[in-house]
J.: 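Dropping a structure here in structure tokens format, bear with me for questions.
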Amino acid sequence: MQKIEHIGIAVKDLDQAETTYALLLGAKPYKRELVESEGVLTSFLRNGPNKIELLQATNDNSPIAKFIEKKGEGIHHVAFLVSDIHAEMEKMRADGFRILNDEPKHGADNKLICFIHPKSANGVLIELCQERKYSV
Ligand code: ZN
């Protein structure tokens, strides 16, 4: 794991959350991106070497909608940057972590991503992400 790449925060109202986090961080959101397959609209803000990813559900079946229904708004996941996601997934599987994806999938911000079950990490949903070197 190279560093914390971003922290994902589940929000009900993306416009409102962008305003709040822009004030908090002193930096405007630099990008919005729809991840259709996950049912989320994301917005990114920079904070030094790290980012904050705000996540709003686009439909009731979205994992973010379910998360908010259960727990309310708040930190949804912590994402770590890795250089080789396939190798990292293999290592983590061997180490006994429960990985929620068989294969890495396309995430927001030009990343390949996978998730580690919160039960494997003391209640925190962990995302691994790798920069996509080329578009597939
Ligand atoms: Zn994320």
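Keep in mind the model is a prediction, meaning the values are calculated, not measured. For ligands, and for the atoms within them, numbers begin at 1 and follow the listed sequence. Sequential numbering from 1 along the given sequence is applied to the chain's residues.
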J.: Going by side-chain contact (heavy atoms from CB on, under 4.5 Å), Gln56 matches just one of Val11, Val40, Ile64. Which one?
T.: Val11
J.: Does atom NZ of Lys119 have more than 12 heavy-atom neighbours, drawn from other residues, nucleotides or ligands, at distances under 6.0 Å?
T.: no
J.: Do you reckon Ile113 sits in the same ILVMFWY cluster as Ile126, going by side-chain contacts under 4.5 Å, direct or chained?
T.: no
J.: Taking 2.8 Å as the cut-off, does His77 contribute an N, O or S atom near the Zn ion (ligand 1), distance below it?
T.: yes
J.: Can you tell me if, anywhere in Cys129, an N/O/S atom lies at a distance from the Zn ion (ligand 1) that is smaller than 2.8 Å?
T.: no
J.: Would you please say whether a donor-acceptor pair under 3.5 Å links the side chains of His77 and Glu53?
T.: yes
J.: Which angle, to the nearest 10 degrees, do you find at the Zn ion (ligand 1) between OE1 in Glu53 and OE1 in Glu127?
T.: 160°
